[in-house]
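Presented below is the structure to which this report refers.
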2 protein chains.
Amino acid sequence: MIVNKLKDLREKMLKQSVRSEDWTQEGLAKRLGVTRQTIISMEKGTYNPSLVLAFKIAHEFGMAIEDIFEYRAEKK
Amino acid sequence: MIVNKLKDLREKMLKQSVRSEDWTQEGLAKRLGVTRQTIISMEKGTYNPSLVLAFKIAHEFGMAIEDIFEYRAEKK
DNA sequence: CTTAAATGTAAAGTTCACTTTACGTTAAGT
DNA sequence: ACTTAACGTAAAGTGAACTTTACATTTAAG
């Protein structure tokens, strides 16, 4: 199971950023090369990004993957 | 594009490990909960692991995802 | 040399990340 | 109140990650 901080991080950037349009769901989606639906589903936790997308996201936020996504071993 | 060090890392563990059967393709696959085919394809670079699997792999090797997988921006 | 473990290859099937389209709701400015 | 940007939801389609099965090749050890 993977937990992520995407929603909080993006909303924080939205508030802080001068170019706030860069951090709307749509703005971020465009920079990542995905659709807005993809952002929504990730923020909701409906599904996990691919490793490639996780790398792109980490790059956009200037953080390591492990700072944004946390893996928790499944409870069997 | 993602480059990985899986083959080298696993072979290194194979040589160093006392319980070498833990680091055969089959042994590693079982611990990761995937098939041997999956290991082969990742080592060949045929496909990239999901983020969940990347986390599990990093955990098995005791390393960070970024130490095993490297993202290189696509040349358009 | 022989045998068995480990690795490689190939191909069809399943699942899920991601797209596409379309419409509904919320928030904020004027 | 009106408008519009931003956010949310739903559902069908595509492609790639991953499985399953089966067989062939390499490597190491007796």
Side-chain angles (χ1 to χ4, degrees), chain A residues 1-61 65 68-74 76, chain B residues 1-61 65 68-74 76:
Chain A
M1 186 202 188
I2 288 186
V3 190
N4 75 69
K5 302 177 182 165
L6 284 177
K7 189 165 191 182
D8 287 349
L9 286 173
R10 186 183 60 79
E11 286 174 350
K12 193 177 166 193
M13 295 304 282
L14 241 189
K15 286 176 193 163
Q16 295 177 349
S17 175
V18 180
R19 300 181 43 80
S20 66
E21 73 258 28
D22 285 350
W23 297 99
T24 60
Q25 290 178 339
E26 194 173 8
L28 179 57
K30 271 181 188 162
R31 298 216 307 293
L32 292 171
V34 298
T35 62
R36 196 168 59 88
Q37 262 312 311
T38 300
I39 304 290
I40 291 172
S41 297
M42 284 190 297
E43 289 191 352
K44 273 207 308 180
T46 300
Y47 61 66
N48 302 122
S50 65
L51 182 57
V52 176
L53 184 48
F55 265 113
K56 288 180 183 171
I57 290 169
H59 183 252
E60 283 298 327
F61 284 102
I65 288 179
I68 304 173
F69 301 94
E70 186 188 343
Y71 173 67
R72 296 182 183 168
E74 314 287 339
K76 167 58 222 332
Chain B
M1 187 203 188
I2 288 186
V3 190
N4 74 69
K5 302 176 182 167
L6 284 177
K7 189 164 191 183
D8 287 349
L9 286 173
R10 186 183 60 80
E11 286 173 350
K12 192 177 167 193
M13 295 304 283
L14 240 189
K15 285 176 192 163
Q16 295 178 347
S17 175
V18 180
R19 299 181 43 80
S20 66
E21 74 257 28
D22 286 351
W23 296 98
T24 61
Q25 289 179 342
E26 194 171 11
L28 179 59
K30 271 181 188 161
R31 297 215 310 293
L32 292 171
V34 298
T35 63
R36 195 168 60 88
Q37 261 314 311
T38 300
I39 304 289
I40 291 172
S41 297
M42 285 189 298
E43 289 191 351
K44 272 206 308 180
T46 300
Y47 61 65
N48 301 121
S50 65
L51 181 57
V52 176
L53 184 49
F55 265 113
K56 288 180 183 171
I57 291 170
H59 183 253
E60 284 299 328
F61 284 102
I65 288 179
I68 304 173
F69 301 93
E70 186 189 343
Y71 174 67
R72 295 181 184 170
E74 315 287 341
K76 169 54 225 331

Could you work out which one of D:dC18, D:dC7, C:dG8 sits closest to the side chain of B:Val34?
-> D:dC18
Pair A:Thr38, A:Ser41: side-chain N/O donor-acceptor within cut-off below 3.5 Å = no
On a heavy-atom basis, the closest approach of A:Gln37 and A:Tyr47 is O-OH, 4.2 Å
Could you tell me whether the phosphate oxygens of C:dA10, OP1 or OP2, come under 4.0 Å of any side-chain nitrogen or oxygen in B:Lys44?
-> no
With 3.5 Å as the limit, what N/O pairs link the protein to nucleotides 15-17 of chain C?
| unit_1 | atom_1 | unit_2 | atom_2 | d |
| --- | --- | --- | --- | --- |
| C:dA17 | O5' | A:Asn48 | O | 3.2 |

Would one find a side-chain N or O of B:Thr35 under 4.0 angstrom from OP1 or OP2 of D:dT19?
-> yes
Of the listed D:dG8, C:dT7, D:dT19, the closest approach to the B:Thr38 side chain comes from D:dT19
B:Leu14 CG - D:dA28 P separation (whole Å) | 11 Å
To the nearest angstrom, the CD-C1' distance between B:Glu43 and C:dT9 comes to 14 Å
Could you check how far CG of B:Leu28 sits from P of C:dT7, rounded to whole Å?
-> 10 Å
Closest non-hydrogen atom pair, A:Pro49 against B:Leu51 | O-CB, 3.4 Å
Please check if the side chain of A:Asn4 supplies one atom and the backbone of A:Met42 the other of a donor-acceptor pair under 3.5 Å.
-> yes
Would you indicate, yes or no, if C:dA22 has its OP1 or OP2 atom less than 4.0 angstrom from a side-chain nitrogen or oxygen of A:Arg36?
-> no
Can you tell me if the side-chain N/O atoms of B:Gln37 get under 4.0 Å from OP1 or OP2 in D:dT20?
-> no
Evaluate whether atom CD of A:Glu60 has more than 12 neighbouring non-hydrogen atoms of other residues, nucleotides or ligands under 6.0 angstrom away.
-> yes
